[in-house]
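Data block below; observations after.
In what follows, chains carry the letters A, B, and so on, assigned in the order in which the sequence lines appear, proteins first and then strands, with residues in each chain numbered from 1.
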2 protein chains.
Amino acid sequence: MARTIGSHGPKTMEAIRKAGLRLIFEHGFAAMSLRQLAAEVGIQSGSLYNHISTKQELLFELVRDHINELLRQLDRALQGKQRPVDKLRAFVAFHVSYHMTRKREVFIANSELRSLEPKNYEAIVALRGAYEARLAEILTEGVAEGEFEVVDVQVATFAILALLTGLTTWYRPGGRLTKEAIVAAHEKLVLSSVAPGPAPDRAQTKRPPSRRVATRGTLERR
Amino acid sequence: MARTIGSHGPKTMEAIRKAGLRLIFEHGFAAMSLRQLAAEVGIQSGSLYNHISTKQELLFELVRDHINELLRQLDRALQGKQRPVDKLRAFVAFHVSYHMTRKREVFIANSELRSLEPKNYEAIVALRGAYEARLAEILTEGVAEGEFEVVDVQVATFAILALLTGLTTWYRPGGRLTKEAIVAAHEKLVLSSVAPGPAPDRAQTKRPPSRRVATRGTLERR
DNA sequence: TAGTTAAAAAAACGTATGATCGTTTAATTG
DNA sequence: CAATTAAACGATCATACGTTTTTTTAACTA
């Protein structure tokens, strides 16, 4: 017995990616074995090599394709928006909605960078940088036009991204809140966080001078 | 040749923890081998078992002790604070300052939950819940006293924690910004994010009705 | 100082891993 | 329909893993 009746390359590849995504999410890249993955797909582990050349390639492509799709859809969501506040709102709505359905990919893209080989790592970091740049651009414009106020654009960019992405750690479909409520909650948080003007109890608090800094800095991600 | 001259249990244990922290951070728990760890410490891999009983125990204790320390110091930072806004500011300042020095622990505590055995996992999740509860409590009080406004306390809690913790992914000592500037940037973001009142351009935006919800929900973490 | 405990080295155990390779069958192509 | 390609099976390779066990030496204790 050899080739299974009904086998079809593209279909098997899809099953591999789907199972890989789940197993890496649940166990981690290193802890997922190819025997485990193959069993999940319904083939023998040696057969995986008809579809992927290495285990590393599977991880790389899962992460890369996720980020590429994210960029594609973000650009679509931002289309036609002119004012920074509209862009930011669209960014938030898109990010939250999209990430509700990509919990696994996001977690893996954050936790498995270290499992990527150097060349792959660099490619992924560059893609992530492109996504971050879009938000930084929105904030920079908003600050320049007086619509936003932040202490530091780069810090705000990373912080807001973290805030928005954090939902993947707790969100589950069918929970207490509707998708719309969650989007609304994040919109309020984010749009308020960069709103010009005082934070609570300015009259009784000492705050650093309000500085509007719109420069890119030397901050690095790990 | 057997016992090395100058060996001292507590000291070796500390070296194991330190090396373990770094290697797990850099490679992941599953990808770090005990031979690698032992080499880093300067002993043979079998000798590790004089100090730890299993590889799993090492991970568990690293994560558990980190969170316990976090809780201890948070409570100290909140001491004497009465008003919600003061508590929140103290929370932010503490969280940001503390996490600047615990980048590795934090990343591991977030990405290696899945590497914990069920019993250990539950213990850690409970500890994390205690930390989250402290922020949720502050927000709830603030909302009840009219100092804060959020769409949903639980969502805001998780979002703010994510925002504050996100710094560990990019912060490096000696970067462009001083520690104080980073704390200030986060304070502005967080305190503004829960500030009562309008987000930018209320006049031109449709927003959901402002609801002050202070209930605990059924949200779950992964 | 003899006995005990601690902590290391060294070797081995039982099991597991990513990947290779040869064979077999199914599907496709001209 | 024969030949080719695709995709699977089954076995194996070379290496690695967490852990155990025995031995050896250092440090401590009474």
Assign [X] to base, sugar-phosphate, or nothing according to its heavy-atom contacts below 4.0 angstrom with the strands shown.
X: B:M32; answer: sugar-phosphate
X: A:T4; answer: sugar-phosphate
X: A:G46; answer: base

Which class fits the ring pair B:F158 and A:W170: parallel under 30°, tilted 30 to 60°, perpendicular over 60°?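 Answer is parallel, since the angle falls under 30°.
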Relative to the ring of B:F91, is the ring of B:Y131 parallel (under 30°), tilted (30 to 60°) or perpendicular (over 60°)?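 B:Y131 and B:F91: tilted rings.
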Within this structure, what is the [atom1]-to-[atom2] distance between [X] and [N], rounded to whole angstrom?
X: A:Q44; N: D:dA7; atom1: CD; atom2: P; value: 17 Å
X: A:I5; N: D:dC9; atom1: CD1; atom2: C1'; value: 14 Å
X: A:M13; N: D:dA8; atom1: CE; atom2: P; value: 11 Å

SB check B:E69 B:R102 (cutoff 4.0 Å):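 No, B:E69 and B:R102 are not salt-bridged.
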Does A:R35 or B:G6 map to a spot on DNA chain D nearer the 5' end, using the closest nucleotide for each?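 Looking at DNA chain D, the more 5' nearest nucleotide goes with A:R35.
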Assuming nearest nucleotide by heavy-atom distance, tell me which of A:S45 and B:S53 is located more 5' along DNA chain D.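 It is A:S45 whose nearest nucleotide is closer to the 5' end.
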Does any part of the side chain of A:Y49, heavy atoms only, come nearer than 4.5 Å to the side chain of A:L34, both counted from C-beta?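 Sidechains of A:Y49 and A:L34: in contact.
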Any heavy-atom pair between the side chains of A:F29 and A:K55 that's under 4.5 Å?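 A:K55 vs A:F29: side chains touch.
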Tell me, with the steps shown, if B:K18 and B:E14 meet salt bridge (charged side-chain N to carboxylate O under 4.0 Å, His left out). CA-CA 6 Å; B:K18 186 176 171 189; B:E14 199 44 48; over 6 Å; no
For D:dC17, does OP1 or OP2 lie under 4.0 Å from any side-chain N or O of B:S33?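 So the side-chain polar atoms of B:S33 do come within 4.0 Å of the phosphate oxygens OP1 or OP2 of D:dC17, strictly under.
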Can you give me the first and the last nucleotide of DNA chain C (5' to 3') that has an atom within less than 4.0 angstrom of a non-hydrogen atom in chain B?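 Result: C:dA6 to C:dA12.
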If you assign B:A2 and A:Q56 each to the DNA chain C nucleotide with the nearest heavy atom, which residue ends up on the more 5' nucleotide?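 Its nucleotide being nearer the 5' end, the pick is B:A2.
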